[in-house]
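Read the structure below first, then the notes.
First the proteins, then the strands, lettered A, B, ... as listed; each starts at 1.
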Amino acid sequence: MRIATWNVNSLRVRLDRVLAWLDVSECDVLCIQETKLAQDAFPTDAFSELGYEIAHYGQGQWNGVALASRIGLSDVRRGITGFDDKEARAIIGTCSNVRVMSVYVPNGRSLDDPHYQYKLRWLKALRDDLGFELKRHADLLVGGDFNIAPRDIDVWSIDALQGATHVSTRERECFEDLLNLGMEDLFRKFFSQEQLFTWWDYRGGSFHKRQGMRIDLLLGSASLSNRALWTLIDRNERKGTQPSDHAPVVVEVQA
DNA sequence: ATGGTCGATGGTCGA
């Protein structure tokens, strides 16, 4: 069973690339972020032609998360339980007995911005919701754009990012709280190296300067993590015509 | 070569 996460930064612009990538990557489940589409505007037919069912939580021009699955998709829930969120940032469903959530964690903007407080509150609500899900589903996977680099080795230069979001202590503590539920950062189960990234800013040629961050993550519960076989970041998808600023991340799990 | 890039939008804002 192959599961991936990808912040596509507008599915309207990225549709052909996403479909082409699904065709070659042979993913069973894809967690999508930043569809930037209204709920009913998702191009469901294009995905069904490839054999994927869709569950979309759309908002309009911002945010928007979705699940695409070719191994079944049931018990879908939108948003985070007990958290009154105006933004479409989380959707969960069951794909062949694995509970899969696609999340788009708030950016935070800057440490003194109200959006940063929203980010911290959002992460605490996510922790509570995942605790709830873990009681019912031993096999849980959360894929998404976390907008957090878990450790200093996950950014191109910690010195250049002093005082910025994505690396601050408080948000990293919130991320650790997710792991403390019994979740594992699956990429780090296989790779300990630094300078391995999933996102590169469009500005200033960051990709070619190798200035990025690892903020797109796949978290697996213990029972799922134990069956993880391999993982990769498909950084080729950051190249070519009209790429997203994020690369997809894939994990293969023993069925 | 006096300049940051995209995508939503149709003013700028968000990332």
Side-chain angles (χ1 to χ4, degrees), chain A residues 5-21 30-43 46 56-66 79 85-91 102-123 126 143-150 154-168 170-172 174-175 197-217 233-249:
Chain A
T5 185
W6 197 2
N7 180 325
V8 299
N9 186 15
S10 170
L11 189 58
R12 206 186 305 278
V13 172
R14 222 68 63 199
L15 181 59
D16 288 349
R17 280 193 77 131
V18 172
L19 295 174
W21 187 78
L30 177 60
C31 302
I32 305 173
Q33 300 86 39
E34 284 206 89
T35 64
K36 296 186 175 179
L37 294 172
Q39 178 100 343
D40 297 330
F42 196 100
H56 182 219
Y57 184 24
Q59 179 185 328
Q61 63 265 55
W62 305 119
N63 310 311
V65 286
D85 198 353
K86 294 180 174 59
E87 307 195 343
R89 295 182 173 277
I91 188 168
S102 174
V103 298
Y104 178 44
V105 176
N107 176 288
R109 296 176 189 164
S110 65
L111 301 191
D112 57 357
D113 193 298
H115 203 258
Y116 181 71
Q117 300 302 322
Y118 166 57
K119 182 181 198 174
L120 299 178
R121 288 200 314 275
W122 198 95
L123 287 162
L126 175 65
D145 175 359
F146 283 77
N147 273 314
I148 297 172
D154 295 311
V155 300
W156 66 278
S157 166
I158 193 63
D159 293 331
L161 293 164
Q162 283 307 316
T165 58
H166 298 63
V167 298
S168 74
R170 291 180 70 193
E171 64 197 284
R172 278 178 169 173
C174 289
F175 179 75
F197 307 133
T198 66
W199 171 85
W200 300 261
D201 202 314
Y202 284 126
R203 292 168 286 192
S206 300
F207 181 69
H208 300 289
K209 294 186 208 163
R210 302 179 183 276
Q211 298 179 348
M213 300 187 195
R214 193 178 68 90
I215 57 177
D216 298 272
L217 312 172
I233 299 166
D234 190 356
R235 66 189 296 283
N236 283 328
E237 279 302 321
R238 185 59 177 78
K239 306 176 182 177
T241 308
Q242 282 190 300
S244 169
D245 43 356
H246 297 254
V249 186

Can you tell me how far C1' in dA15(B) sits from the matching atom in dT9(B), rounded to whole Å?
15 Å
Output the rounded distance in Å from CZ (Arg238(A)) to C1' (dA15(B)).
12 Å
Please check if atom NZ in Lys86(A) has more than 12 non-hydrogen atoms from other residues, nucleotides or ligands closer than 6.0 Å.
no
Nucleotide dG14(B), atom C1' - distance to CG of Asn7(A) in whole Å
12 Å
Inter-nucleotide C1' distance (dT2(B), dT12(B)), Å rounded
24 Å
Taking 4.0 Å as the cut-off, does a side-chain nitrogen or oxygen of Arg109(A) come that near to OP1 or OP2 on dC13(B)?
no
Can you check the Trp62(A) CH2 to dC13(B) P distance for me, whole Å?
11 Å
Could you tell me how far apart Met213(A) (CE) and dA15(B) (C1') are, to the nearest whole angstrom?
11 Å
CD1 (Ile215(A)) and CZ (Phe197(A)) are apart, to the nearest 0.5 Å, by 11.0 Å
Interatomic distance where OH belongs to Tyr116(A) and P belongs to dG14(B) [whole Å]
19 Å
Between dG4(B) and dG14(B), how far apart are the C1' atoms? Round to whole Å, please.
16 Å
Could you tell me the separation between the CD atom of Gln33(A) and the P atom of dA8(B), rounded to a whole number of Å?
16 Å
Taken to the nearest whole Å, OH/Tyr118(A) to P/dG14(B) is 13 Å
Less than 3.5 Å apart, any donor N or O on the side chain of Gln211(A) or Ser157(A) sitting next to an acceptor on the other?
no
For Tyr104(A), answer base if it contacts any base atom (sugar-phosphate contacts may also be present), sugar-phosphate if it contacts only those atoms, and nothing otherwise; contact means non-hydrogen atoms under 4.0 Å.
sugar-phosphate
Quick check on DNA chain B: between Gly204(A) and Arg12(A), whose nearest nucleotide comes earlier from the 5' end?
Gly204(A)
Between P on dA15(B) and NE2 on His246(A), what's the gap in Å once rounded to a whole number?
11 Å
Is there a donor in the side chain of Gln33(A) and an acceptor in the side chain of Thr5(A), or the other way round, less than 3.5 Å apart?
yes
Intermediate values then yes/no, side-chain hydrogen bond (donor to acceptor under 3.5 Å, both in side chains), Trp199(A) and Asn7(A):
CA-CA 9 Å; Trp199(A) 171 85; Asn7(A) 180 325; over 6 Å; no
More 5' along DNA chain B: Gln61(A) or Asn107(A), using each one's nearest nucleotide?
Gln61(A)
